[in-house]
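This chain uses plain numbering: 1 for the first residue, then up along the sequence.
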Amino acid sequence: MPDIRILSAEAARAAIPDLSEVLADCVTGGASVGFMQPYGAEDAELYWREVADAVAGGSSLLLVAELDGRIVGTVQVGAAQMPNQPHRGDLKKLLVHRSARGRGLARLLMEAAEREAAKRGKTLLVLDTATGSDAEAIYPRLGWQRVGVIPDYALWPEGGFCDTTLFYKRLA
């Protein structure tokens, strides 16, 4: 059974090697999550240090999924917003290592992220994802509402323009 937990800044720093492996695997597998190929675990370390700093500052929540004591998935909630948006959070970087897919980890991570965001007073979450990606199909099944598509929003990791689909979900 997977273990889903929230990492403190200290735990996030300790988990940088595992988190870097997950991110590198996803980018290598074609996930459009902000990085270009070639991309290895050593490339991801700076990114995860910045995330750990955001966790320390209270502007982000970092959740992980573990199987057999190994981090194989992660998601973040950006909790710091402008003064007129204290109720909103940004869901970021839902990542599951290719070796651990098909076990419901994305669903478990999303459900935990939504619960934790709600505990912190968030009533609305938003996200964007690559149009046509495997990830895009996950969100409607979890109750997220599709808003629309922005053409040529980003690049695929191997190059070439990528449209982006926007989603939102109201939290009870």
Side-chain donor or acceptor of [X] paired with backbone N/O of [Y] under 3.5 Å:
| X | Y | answer |
| --- | --- | --- |
| Q37 | T28 | yes |
| S32 | L155 | yes |
| T164 | I150 | no |
| T123 | L171 | no |
| D25 | R98 | yes |
| D128 | T165 | no |
| K122 | A79 | yes |
| K169 | L142 | yes |

Can you name the closest pair of heavy atoms from [X] and [Y] and give their distance?
| X | Y | value |
| --- | --- | --- |
| V55 | S8 | CG1-C, 3.8 Å |
| G40 | A24 | C-CB, 3.5 Å |
| L23 | A44 | CD2-CB, 3.7 Å |
| A31 | P157 | O-CG, 3.0 Å |
| Q81 | Q85 | CB-O, 3.2 Å |

Pick one: which of K92, K93, R88 meets salt bridge (Lys or Arg N to Asp or Glu O under 4.0 Å) with D90?
-> R88
If we only count heavy atoms from C-beta on, is the [X] to [Y] side-chain gap below 4.5 Å?
| X | Y | value |
| --- | --- | --- |
| I4 | E116 | no |
| R103 | L67 | yes |
| L19 | L62 | yes |

Under 4.0 Å between a Lys/Arg side-chain N and an Asp/Glu carboxylate O for R13 and E10?
-> no
Between L125, I138, T129, which is the residue that forms a side chain to side chain contact (heavy atoms under 4.5 Å, CB included) with W144?
-> L125
For V75, which of V96, L91, L95, L108 qualifies under side chain to side chain contact (heavy atoms under 4.5 Å, CB included)?
-> L91
Greater than 12 external heavy atoms within 6.0 Å of [X]'s [atom1]:
| X | atom1 | value |
| --- | --- | --- |
| Y47 | OH | yes |
| D134 | CG | no |
| N84 | CG | yes |

Kindly indicate, with the supporting measurements, whether the criterion side-chain contact (heavy atoms from CB on, under 4.5 Å) is fulfilled by V64 and V22.
-> CA-CA 10 Å; V64 296; V22 171; over 6 Å; no
Which word best sums up how the rings of Y139 and F167 line up, parallel for under 30°, tilted for 30 to 60°, or perpendicular for over 60°?
-> tilted
